[in-house]
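The structure follows.
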Amino acid sequence: MLFVMLAVCDVTPQGLTDLTGKMFTFPQQTDTAHVRLRTTQDTFAAVTVCLRFFTDLTRNHVLFSMALPSDANAFLIFKEETTQIELDVCKAQTVKFEGQQYTLNTWHHLCATWDNTTELGQVWVDGRPTSRKLLRSGGIQGTPSIILGQEQDSMGGGFVASQSFVGMLSDVHMWNYVLSPCEIQRYVDDLNFTPGNVLNWRAMVFKTVGTVALEENKKGCH
């Protein structure tokens, strides 16, 4: 098993890395440990983010945080302690998707989409879609700070331990367009899907800060 524990205050960014078969493990509640993902994309008229996660958290916690200097919640996926998943898009009113119940200590798939043309957002959990809801944003412009493990209250910082993610995250992809339902299902089924053109788990530039483990993602003994 590959197990790299990074427990220093800051770490030099990795080069372009294929993370296929890997996962980031966040082993404790903290207001420091996180992973920064790098992209050169600076204009978004639409977004899809997909990821896989495993946690036993019942409290509020972040799943994906993208911030700009002008808006800390440029694209935020946040799990409430209730059955709600919150989606924030730059300058838009927060929307909450109800009834998102899932089993703890199990791998789950989550995708969130938003399109500035239709002004609609949607969340998919394990291939099941929510209702589509209004997110009137006007677009996302500016080079973003994208972070796993912490929710940004200011660009690149403002972390709160009680909102941190504890568990495992893997297979993070981001596109600057809305994936079709069939494309989302191919991601969920781990079939031949088009990798993200903004963030690609198979070719990622990332930086780890604090106590984060990069491990082989083995779901069983085989």
Side-chain angles (χ1 to χ4, degrees), residues 6 8-14 24-44 46-53 55 57 59-81 84-97 110-114 116 121 123 135 137-176 196 198-201 204-212 214:
L6 301 163
V8 295
C9 293
D10 212 343
V11 177
T12 303
Q14 305 293 311
F24 289 119
T25 296
F26 303 85
Q28 62 182 355
Q29 178 170 302
T30 170
D31 62 359
T32 55
H34 63 281
V35 179
R36 297 174 183 263
L37 306 180
R38 183 181 297 179
T39 180
T40 58
Q41 182 82 25
D42 61 4
T43 302
F44 300 86
V47 173
T48 301
V49 170
C50 290
L51 54 84
R52 306 183 203 275
F53 68 97
T55 186
L57 290 177
R59 61 162 170 80
N60 295 348
H61 56 277
V62 66
L63 291 169
F64 183 89
S65 176
M66 183 171 86
L68 297 171
S70 59
D71 196 321
N73 296 333
F75 196 88
L76 172 69
I77 308 171
F78 193 84
K79 176 66 174 64
E80 304 278 359
E81 75 177 319
Q84 298 173 337
I85 291 178
E86 173 185 325
L87 182 60
D88 291 75
V89 178
C90 193
K91 306 303 182 186
Q93 182 177 357
T94 297
V95 296
K96 298 179 186 292
F97 299 91
L110 183 141
C111 293
T113 67
W114 165 78
N116 193 44
V123 170
L135 279 161
S137 167
I140 303 171
Q141 295 186 355
T143 303
S145 166
I146 300 176
I147 285 179
L148 303 178
Q150 300 287 343
E151 195 267 321
Q152 301 173 80
D153 285 335
S154 59
M155 185 169 175
F159 305 147
V160 178
S162 61
Q163 297 178 336
S164 65
F165 178 79
V166 180
M168 291 87 84
L169 285 169
S170 184
D171 300 296
V172 180
H173 290 264
M174 181 176 181
W175 299 259
N176 62 357
V198 178
L199 297 173
N200 179 358
W201 193 250
M204 190 74 76
V205 179
F206 66 94
K207 175 182 180 179
T208 53
V209 180
T211 304
V212 181
L214 177 61

Rounded to the nearest 0.5 Å, how far apart are OG1 of T39 and CG of N176?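 So the OG1 of T39 and the CG of N176 are separated by 9.0 Å.
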Can you check whether L135's main-chain N or O pairs, donor with acceptor, with W114's side chain at less than 3.5 Å?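 Between the backbone of L135 and the side chain of W114 there is a qualifying donor-acceptor contact (under 3.5 Å).
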So, does Q150 use its side chain to make a donor-acceptor pair with the main chain of A33 at under 3.5 Å?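 It does hold such a pair.
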Is a side-chain donor or acceptor of R38 paired with a backbone partner of K207 at a separation under 3.5 angstrom?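 Not at all, since once roles are kept as given, no pair shorter than 3.5 Å links the two residues.
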Results of side chain to side chain donor-acceptor pair (under 3.5 Å) for D31 - residues two or more places apart only: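 Applying side chain to side chain donor-acceptor pair (under 3.5 Å) to D31 gives none.
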If only atom types and distance count, is the side chain of N116 paired as donor or acceptor with the main-chain N or O of G138 below 3.5 Å?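 Looks like yes, one N/O pair under 3.5 Å.
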Identify all side-chain donor-acceptor contacts of residues 60-68 below 3.5 Å with residues at least two apart in sequence or on another chain.
from, atom 1, to, atom 2, distance (Å)
N60, OD1, E81, N, 2.6
H61, ND1, R59, O, 2.9
S65, OG, Q152, N, 3.2
S65, OG, Q152, NE2, 3.0

Can you list everything that forms a side chain to side chain donor-acceptor pair (under 3.5 Å) with Q41? Sequence neighbours excluded, please.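 Expected list: none.
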Donor-acceptor side-chain pairing of D42 and T143 below 3.5 angstrom: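 No.
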Picking from D153, T32, T30, I147, what satisfies side chain to side chain contact (heavy atoms under 4.5 Å, CB included) with F159?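 Testing F159 for a side chain to side chain contact (heavy atoms under 4.5 Å, CB included) against D153, T32, T30, I147 leaves exactly one candidate, I147.
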Pair W175 + F75: ring centers closer than 6.0 Å: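 Between W175 and F75, the centre distance exceeds or equals 6.0 Å.
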In chain order, what residues pass the side chain to side chain donor-acceptor pair (under 3.5 Å) check against T55, with sequence neighbours excluded?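 Once residues adjacent in sequence are excluded, T55 has no partner under the side chain to side chain donor-acceptor pair (under 3.5 Å) criterion.
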How would you list, by chain and number, every residue that makes a salt bridge (charged side-chain N to carboxylate O under 4.0 Å, His left out) with K91, sequence neighbours excluded?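 K91: no salt bridge (charged side-chain N to carboxylate O under 4.0 Å, His left out) contacts found.
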Holding to disulfide bond (SG atoms under 2.5 Å apart), I want the full list of residues that pass it with C90, two or more places apart in sequence or in another chain.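 For C90 there are no disulfide bond (SG atoms under 2.5 Å apart) partners, ignoring immediate neighbours.
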